[in-house]
Amino acid sequence: KVKGFTLQLASVNDKDSLTPILVKLAQEPQVYIMSYKQRHVILLGDFETASAASAKAKSLQKQYGLAAPWVRKWADLSDYKRQD
């Protein structure tokens, strides 16, 4: 993908430490687990605009008590590999 935005919720060395976050996000569509170098990254959503992504970030913080998600451009994530 080159257009649009997503939210980065976590970036960790140990994939197992993603589990508690993924459990919280079980009801959310569009949760992507990515790898980048030695890191495991959770991305959420696919947004047309940065402001739409920011609005979702705020609601995730309220709903799940997450740290502030980072709005990322898909275009910047071309080296990230999707994991299933």
Rounded to the nearest 0.5 Å, what separation is found between the [atom1] atom of [X] and the [atom2] atom of [Y]?
| X | Y | atom1 | atom2 | answer |
| --- | --- | --- | --- | --- |
| Leu44 | Ile21 | CG | CD1 | 11.5 Å |
| Arg72 | Leu77 | CZ | CG | 4.5 Å |
| Phe47 | Thr6 | CZ | OG1 | 6.5 Å |
| Leu9 | Ile33 | CG | CD1 | 11.0 Å |
| Leu43 | Phe5 | CG | CZ | 14.0 Å |

Same hydrophobic cluster for [X] and [Y], using side-chain heavy-atom links shorter than 4.5 Å among ILVMFWY?
| X | Y | value |
| --- | --- | --- |
| Val71 | Leu66 | yes |
| Met34 | Leu22 | no |
| Leu60 | Ile42 | yes |

*asked:* Suppose we screen for ring-ring contact (aromatic ring centres under 6.0 Å, His included). Which residues come up paired with Tyr80, at least two apart in sequence or across chains?
replied: Tyr36
*asked:* Taking side-chain hydrogen bond (donor to acceptor under 3.5 Å, both in side chains) as the cut-off, I'd like each qualifying pair that reaches into residues 17-32, sequence neighbours left out, listed once.
replied: Glu28-Lys56, Glu28-Tyr64
*For the side-chain hydrogen bond (donor to acceptor under 3.5 Å, both in side chains) test, which of Arg39, Gln38, His40 pairs with Asn13?*
Arg39
_Which heavy atom of Pro69 sits nearest to which heavy atom of Gln61, and what is that distance?_
CD-CG, 3.7 Å
